[in-house]
Each structure stands twice: as structure tokens, then as C-alpha cells.
Amino acid sequence: MTRVAVIEDDLPTSNQLAGWIRAARPDLTIDQWFDRDSAEAALEREDYDVVLLDIELGHERHAGVALINAINKRRAGVPVLVVSAMPAAIYRSIMKALDAWDYLQKTTFEEADFIETFLEILRVARERGGREEKAAAQAGELALDPLWQRTPTWRGERINLPLTAQRILATLYQRKGEVVSYEELFDVVKSGRNRDNVRKHVSTIRDAFREADPGFEAIENVPMRGFRWADAAPARKTKP
């Protein structure tokens with residue numbers, strides 16, 4: 001069952017958004033939360049398919065930012081639609097940097113605009129989920145969405161990585177068995193395009209994988225050239 005969280009401290013606005021969603025998709029389950037504490041507890045407890053949230057909750061001007069960070073830490077890639085009175089010209093780019101999927105400024109959209117945006121997010125999220133399942137079935141070990149480059153899983157366990165590290169991981173895995181040069185990896189690093197920075201990102205990737213699998217050694221260092229995802233990874237070792 002698809003579950004949606006609406007996190008909005010203003011009751012009439014919350015009911016309006018929830019009502020629009022119910023009218024368009026009566027099959028969805030909708031939970032409404034009105035403050036940061038209850039929302040955080042729910043996000044920790046439930047696996048939501050889509051989250052709608054306001055940036056400002058009560059007296060906390062940027063409570064929504066903290067909630068997005070909590071979502072990304074627990075389940076990176078969960079679709080987040082921000083609905084806020086904050087100026088879109090300023091906050092849309094900020095929310096995008098936090099991996100929110102879209103931003104709607106209150107009082108500037110009609111019901112049809114909201115429903116169109118919401119349903120598109122829901123559709124893309126389901127397509128992405130299908131691709132991840134297919135990739136997991138085909139690969140058997142690493143499930144990675146090369147389009148969104150989010151929420152990679154290794155042998156069924158989620159791997160938490162910053163976005164740049166995920167892009168490097170996608171590049172290495174898509175070309176597994178080949179040496180990917182430092183220069184080629186520079187193309188997916190937005191800043192700090194030097195070998196030391198690339199090595200730090202690769203170290204972050206290895207550390208994240210080894211938290212889930214202490215025996216992980218699939219990424220090989222090729223001296224003076226770059227890195228390679230090995231064709232065959234060693235069998236998983238049981239954590240002590």
C-alpha cells in the first residue's frame with residue numbers, strides 16, 4: 001500500500017493538501033503531521049513512498065530542512081515535495097541541493113498544478129522502484145539506479161553515500177572490469193577536481209560498503225591510473 005506523509009503545521013492547509021490527494025488517489029494512505037517532533041518520529045517508524053512538507057513548522061523556521069536531512073540519512077532517495085510560503089526564487093535551488101524532488105510556493109498554484117506535480121512524482125518514484133528491483137534481480141549484489149544515483153543497496157542492505165560518491169560509484173560499476181581513470185572521474189566531481197579528492201570519495205565509498213559488508217573489496221586501486229570495479233567480488237564475511 002502506498003503511504004504518503006503530509007507535514008504541515010497549518011491545519012486548514014494540511015487538510016486541503018490531504019483532501020486534494022484523496023480526491024485524485026483515494027487508494028493512498030495519508031498520514032498528517034503538524035510539528036517536527038511527531039514528524040521525525042513517524043519518518044523513523046514508517047517507510048513513506050512520498051513526503052510533502054513545509055519548511056517552517058511552528059516557531060522553527062527551517063524545521064523542514066532538518067526533516068529532509070533525516071529522510072536522506074535514513075532512506076536517501078525518498079521523494080520529497082516541498083510546499084512552502086518561502087520565495088521559490090530563493091528556496092527552490094536550496095531544496096534541490098538537499099535532494100528534494102520539487103518545490104511549490106504557496107498561493108502561487110492551483111489544485112490542478114499540485115495534483116499534476118504530485119502524481120508525476122509518484123509515477124517516477126514507482127518507475128524508479130521497479131528499476132531498482134530489476135537491477136537487484138539481475139545483479140544479485142549491487143542495486144543502483146543510474147538515472148537518479150540514489151539509495152544504492154549492496155546484497156540487500158542500503159548504502160548511505162553523499163551524492164558525489166554515488167556518482168563515482170555509478171561510473172565505476174557501469175564500467176566494471178575496466179580501469180576508470182582519474183581524469184574520467186573528474187567529470188562527475190563538481191568541485192575539487194584533483195586526485196586526492198577522488199581518492200577521498202573512493203575511500204568514503206569503501207568505508208560505507210564495509211559497514212554493511214566487512215569483506216567488501218570490489219573496488220581496486222590501479223596505481224597511477226585510477227580505479228576499477230572488480231568483475232568478481234569476494235564472498236561476504238559475517239560480521240563479528
Side-chain angles (χ1 to χ4, degrees), residues 43-44 47 49 68-80 96-101 124-240:
L43 292 170
E44 182 66 27
D47 288 334
D49 297 280
I68 293 174
N69 287 330
I71 291 168
N72 290 337
K73 184 176 180 181
R74 181 173 182 263
R75 283 187 62 207
V78 174
V80 175
K96 184 177 180 180
L98 292 171
D99 281 347
W101 283 39
V124 173
R126 285 181 169 176
E127 288 181 355
R128 187 195 68 179
R131 286 195 299 270
E132 289 178 346
E133 289 177 5
K134 182 178 179 181
Q138 291 175 340
E141 294 189 335
L142 179 64
L144 179 72
D145 185 332
L147 176 61
W148 293 97
Q149 297 177 5
R150 294 171 177 162
T151 58
T153 61
W154 174 247
R155 293 171 176 166
E157 296 193 32
R158 291 185 179 273
I159 305 298
N160 294 319
L161 289 172
L163 187 55
T164 297
Q166 292 176 37
R167 290 173 176 153
I168 290 175
L169 171 63
T171 301
L172 294 174
Y173 188 69
Q174 287 163 3
R175 294 179 52 187
K176 62 180 179 178
E178 302 177 22
V179 177
V180 181
S181 70
Y182 284 101
E183 289 71 21
E184 290 171 305
L185 292 174
F186 290 165
D187 292 337
V188 298
V189 178
K190 290 186 176 181
S191 61
R193 295 183 174 181
N194 57 69
R195 295 192 173 201
D196 284 343
N197 195 39
V198 170
R199 282 193 286 265
K200 288 177 182 178
H201 285 301
V202 172
S203 178
T204 296
I205 295 170
R206 285 172 171 154
D207 289 345
F209 271 80
R210 285 169 182 164
E211 286 185 9
D213 181 359
F216 176 82
E217 294 182 3
I219 299 177
E220 297 178 345
N221 179 32
V222 182
M224 305 300 294
R225 296 177 62 191
F227 298 90
R228 172 173 56 211
W229 184 281
D231 288 326
R236 180 172 185 168
K237 299 176 183 177
T238 303
K239 291 182 180 181

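Because the structure is predicted, anything quoted here is derived from the model rather than measured.
- Residue R195 qualifies as enclosed at atom CZ: its count of foreign heavy atoms under 6.0 Å is above 12.
- The shortest heavy-atom contact between V179 and G226 is CG1-N, 4.5 Å.
- With contacts defined as side-chain heavy-atom distances shorter than 4.5 Å, the pair E217/R210 qualifies.
- Across E220 and A230, no two heavy atoms sit closer than the pair OE2-CB, 3.7 Å.
- At least one side-chain heavy atom of R206 sits less than 4.5 Å from a side-chain heavy atom of N221.
- Using a 4.5 Å heavy-atom cutoff, the side chains of W229 and L169 are in contact.
- The distance from atom CZ of F209 to atom CG of N160, rounded to the nearest 0.5 Å, is 11.0 Å.
- Side-chain atoms of T171 come within 3.5 Å of backbone N or O of R167 as a donor-acceptor pair.
- Between F216 and W154, the ring planes are perpendicular. Angles over 60° get that label, and only those under 30° would be called parallel.
- Of all heavy-atom pairs between A165 and I205, the closest is O-CD1, 3.3 Å.
- With a 4.5 Å cut-off on side-chain heavy atoms, E211 and D207 do not count as touching.
- Note that the CG atom of L185 and the CG atom of N197 stand 11.0 Å from one another [nearest 0.5 Å].
- L172 contributes atom CG, which lies 5.5 Å from atom CD1 of I219 (distance to the nearest 0.5 angstrom).
- A 4.5 Å side-chain heavy-atom check between F227 and V198 finds at least one atom pair inside the cut-off.
- Contact between R193 and D187 at its shortest, heavy atoms only, is NH2-O, 4.4 Å.
- Taking CD1 of I168 as the reference point, atom NE2 of H201 lies at 5.0 Å (rounded to 0.5 Å).
- Interatomic distance, OH of Y182 versus CG of D196, reported as 8.5 Å (0.5 Å rounding).
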